[in-house]
Number of protein chains: 2
Amino acid sequence: MAGIKDVAAEAGVSVATVSRVLNAHPSVSEAARARVLAAVETLGYRPNAVARSLRTDQTRTLGLVISDVLNPYFTELARSVEEAARALGYSVIIGNADERPDLQDHHVRTLLDRRIDGLLVSPTDGGSPLMLEAARGGTPIVFVDRWIPGIDVPVVRADGRAAIGDLVAHLYALGRRRLAIIAGPAATTTGSERVEAFRAALAGHGLALPDAYVGQGDFQAASGRRATERFLALPEPPDAVFAADNLMALGALDALRAHGLRIGADIALAAFDDIPWFVHTDPPVTAIAQPTGELGRAAVHALAALIDGGTPPSVTLPARLVVRRSCGEDAPNPRSEQ
Amino acid sequence: MAGIKDVAAEAGVSVATVSRVLNAHPSVSEAARARVLAAVETLGYRPNAVARSLRTDQTRTLGLVISDVLNPYFTELARSVEEAARALGYSVIIGNADERPDLQDHHVRTLLDRRIDGLLVSPTDGGSPLMLEAARGGTPIVFVDRWIPGIDVPVVRADGRAAIGDLVAHLYALGRRRLAIIAGPAATTTGSERVEAFRAALAGHGLALPDAYVGQGDFQAASGRRATERFLALPEPPDAVFAADNLMALGALDALRAHGLRIGADIALAAFDDIPWFVHTDPPVTAIAQPTGELGRAAVHALAALIDGGTPPSVTLPARLVVRRSCGEDAPNPRSEQ
DNA sequence: ACGCCTCATGGAATCGATTACATCGAGACG
DNA sequence: CGTCTCGATGTAATCGATTCCATGAGGCGT
């Protein structure tokens, strides 16, 4: 592959001049510029990003470590992150942690070794020494969706508190009184936070949240299924189940269906994270929608600001309740979807 | 950040020795090795992958350019690719083309500039000069799922012909006679191939495929909706619709629902690409499942072989029909899917 | 006409690794 | 006991860019 030296030779100038042309340095004559550009054209020259990165100590690359690529919420997030990054001239390397702390650390380490300019992380667990060290070491880091307490970096996330309040009110209005939740891992902030918000909302209606009504999940479909099975085996099973993410809702759907329950009638189901398929399930699933695209964009902009030496603030955007039929038939506006 | 020189100083040896220890070169004394390792530990040294890549001319990185990250089929593919690559010591950089040839070329160019060791592509269009040039230029390339005729590189894909034959037979047995297809872009191989297989299967049952029954889609949900609307506006609408990918099936589902049709009774629906949600739609959707995981693994192994100087063959794996209820009620084994 | 300033340009150092080659010492062997 | 071989180690070149510094050529003010 042609290098900068070949271009210099072809154009009859020095490598310094070629580099100046390529980097739009003002001090280059029109004639030289033209000759260099012509040489670049005929040789099909492309600068070696590796060499450039070594010299300039920046890769124009962002790392994004997400908890689970198979989760539509995260792929949508990844997509918006890539888009926003591209607009700013960055590439994105995605690492998929599959909800496994070891894999997460593997990716963080690899990304750091590659000298990415900044890191976007949605941590799978509550405390990674590696990440702490990286943050202290000065690597620009921004947390998205979830975060790790004690690591002082900007956090970009959605606040589901209000929407969870709306959801509980909705369920209460439909006559549901025995509300259960399938929680995410306690080690994740979204895992514990959603339970707390749910508990607080219940309290607002004078309802308690017994331990038996808190299922332990891991944000994967299978765990949603297991937790639901356990609920149904209870002497007094819940009459509404709220899954803290869309995959666990899928698992819950599996389990409820397997037990022959009519969702929306015999039992209510709702989920955190809205995804396109919820419109088409049987019945359509009531969900809490996050502004995923904006989350991704805000995270990238915060990270870019951090890289440029700024001190961007944390960002919290509101989530909102989208009512469908999985909690009962009297949805206020049944034709609002689709 | 500490460099190899710092480690050398700390350990009291030369940089060459440090490098030899790190690369497991045999000619290093036990004493030196121990001192180097200790120095690496105390300094928390990590080799700079950028510098290493520049020198060795290999990045241990694979590029993966897929047509659409929001499509569950491709994210599953991406996941298996990353997994297989990681097992081989490679990282993967994913580029999302969003079915846009210009974006695809942007990613290919960026990846090439970064000197990735090899490229995995599922092309969005039928002819990219850039990709042709790269292939000729000696960049190891493997096509997955789709390919570009005329570019002589290994292709790893699933053959849906037999499964489409099964699907048509299934529909025919259920009394469906007016079968329509929502095709992908003619520029993609999967776009045209699936139509041809469908047409051939119809012919086997003495059925024709009128032009009006071939909807033009672009593998996105909106196009599936539009194509379906057009079918329903026909004087004699089809009684079965086959969508060439899962997103267009989602769109078709939208449209059929909006027209108040009972899917499985009034009209049949089937899709290429099986995804977890199809079990939970109303009704569950009959689909053709690809061995996505194996596809990803095979593609990575072919690419790795190519990088190592081998000449791996193309791979074609069979797809299979998964019958659910969207084509009619007499599914042969109604409880096979939970 | 002379010196000074600016602009265009080239030479060479540099980034952080890997690795060819040189060197040195020790053990083997005649 | 000299020489030959081999293992351990260091010095320096190298990868392909960017960029500091020196140099030379004009342009301009006085």
Side-chain angles (χ1 to χ4, degrees), chain A residues 1-40 43-61 89 91 109-110 112-117 137, chain B residues 1-40 43-61 89 109-110 112-117 137 139:
Chain A
M1 192 156 288
I4 196 173
K5 276 196 283 237
D6 305 303
V7 176
E10 172 82 14
V13 297
S14 73
V15 295
T17 300
V18 175
S19 175
R20 278 190 274 257
V21 170
L22 265 30
N23 294 285
H25 187 102
S27 248
V28 185
S29 69
E30 231 7 88
R33 179 186 316 280
R35 288 217 309 288
V36 168
L37 260 18
V40 165
L43 292 170
Y45 168 77
R46 297 246 83 210
N48 183 327
V50 175
R52 188 206 296 265
S53 293
L54 176 60
R55 183 60 231 254
T56 60
D57 200 37
Q58 52 161 331
T59 50
R60 300 297 304 174
T61 301
S91 299
R109 206 182 308 272
T110 307
L112 255 23
D113 285 355
R114 278 167 200 266
R115 300 302 194 266
I116 43 128
D117 293 341
Chain B
M1 189 154 290
I4 197 172
K5 276 195 282 236
D6 305 303
V7 177
E10 172 81 15
V13 297
S14 73
V15 295
T17 300
V18 175
S19 175
R20 279 190 271 258
V21 170
L22 266 31
N23 294 284
H25 186 102
S27 251
V28 185
S29 70
E30 229 9 87
R33 180 187 316 281
R35 289 216 309 287
V36 168
L37 259 19
V40 165
L43 269 59
Y45 168 77
R46 297 246 80 211
N48 184 326
V50 175
R52 189 205 294 266
S53 293
L54 177 59
R55 185 56 231 253
T56 61
D57 199 37
Q58 52 162 325
T59 50
R60 300 296 305 172
T61 301
R109 207 183 307 272
T110 307
L112 256 21
D113 285 354
R114 276 164 202 272
R115 300 303 195 265
I116 42 128
D117 293 341
T139 307

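Reminder, nothing fancy here: chain letters follow the sequence lines and each chain counts from 1. Computation of the quantities below employed the complete heavy-atom set of this structure, encompassing side-chain atoms and omitting hydrogens, waters and symmetry-equivalent molecules.
The distance between atom NE2 of His25(B) and atom C1' of dA17(C), rounded to the nearest whole Å, is 16 Å. Between Asn48(B) atom CG and dT14(C) atom P the separation is 18 Å, expressed in whole Å. Rounded to whole Å, atom C1' of dT19(D) lies 14 Å from atom CG of Asp57(A). Separating the CG atom of Leu22(B) from the P atom of dT19(C) is a distance of 12 Å, rounded to the nearest angstrom. The distance from atom CZ of Arg115(B) to atom P of dG16(D) is 9 Å, rounded to the nearest whole Å. One interatomic measurement links the two molecules: CD of Gln58(B) to C1' of dT18(C), which rounds to 11 Å at whole-angstrom precision. When rounded to the nearest whole Å, the span between CZ of Arg60(A) and P of dA17(D) equals 18 Å. Atom-to-atom, CE of Met1(B) to C1' of dC15(C) comes out at 15 Å; the value is rounded to the nearest Å.
Side-chain contact between Val7(B) and Val15(B) is absent, with no heavy-atom pair separated by less than 4.5 Å.
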Discussion item. Between Thr17(A) and Val28(A), is the side chain to side chain contact (heavy atoms under 4.5 Å, CB included) condition met? List the steps.
Written reply: CA-CA 7 Å; Thr17(A) 300; Val28(A) 185; 4.3 Å; yes
Apply side chain to side chain contact (heavy atoms under 4.5 Å, CB included) to the pair Thr61(A) and Asp117(A), showing each step before the final yes or no.
CA-CA 6 Å; Thr61(A) 301; Asp117(A) 293 341; 5.7 Å; no
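Checked by distance alone, Arg20(A) brings a side-chain donor or acceptor within 3.5 Å of a matching partner on the base of dG10(C). You won't find any donor-acceptor pair under 3.5 Å spanning the side chain of Arg55(B) and the base of dG16(D), going by distance alone.
If you check dT9(C), dG16(D), dA12(D) against the side chain of Ala32(A), the one that comes closest is dT9(C). Each of dA17(D), dT9(C), dC15(C) was ranked by its minimum atom distance to the side chain of Arg52(A); first place goes to dA17(D). Residue Ser19(A) places its side chain closer to dT18(D) than to any other of dT18(C), dA20(C), dT18(D). Listed nucleotides: dG10(C), dA8(C), dT18(D). Nearest to the side chain of Ile4(A): dT18(D). Nearest to the side-chain atoms of Thr17(A) among the listed nucleotides dA17(C), dT9(C), dG16(D) stands dT9(C). Here dG10(D) is the nucleotide among dT9(D), dG10(C), dG10(D) with the atom lying nearest to any side-chain atom of Ser14(B). The listed nucleotides are dT11(D), dC15(D), dA8(C); the one nearest the side chain of Leu54(B) is dC15(D).
Heavy atoms of Val13(B) sit under 4.0 angstrom from primed sugar atoms or phosphate atoms, though from no base atom. Thr56(B) comes within 4.0 angstrom of the backbone, heavy atoms only, and of no base. Counting non-hydrogen atoms under 4.0 angstrom, Val50(B) reaches nothing in the nucleic acid.
For dT18(D), one of the phosphate oxygens OP1 or OP2 lies less than 4.0 angstrom from a side-chain nitrogen or oxygen of Asn23(A). One finds no side-chain N or O of Ser29(A) lying less than 4.0 angstrom from the OP1 or OP2 phosphate oxygen of dA8(C).
Inspection of the Ser91(A) and Arg114(B) side chains reveals an N or O donor paired with an N or O acceptor under 3.5 Å. The closest side-chain donor-acceptor pair between Asn23(B) and Ser19(B) falls under 3.5 angstrom.
The distance from the CZ atom of Arg46(A) to the CZ atom of Arg115(B) is 9.0 Å, given to the nearest 0.5 Å. Considering OG1 of Thr59(A) and CZ of Arg52(A), their distance stands at 12.0 Å, rounded to 0.5 Å.
Computed from C1' positions of five pairs at each end, the angle between the two local axes of the helix from dA1(C)-dT30(D) to dG30(C)-dC1(D) equals 50°, rounded to 10 degrees.
Of the candidates Asp113(B), Asp57(B), Val50(B), Val50(A) forms a side-chain contact (heavy atoms from CB on, under 4.5 Å) with just one, namely Val50(B).
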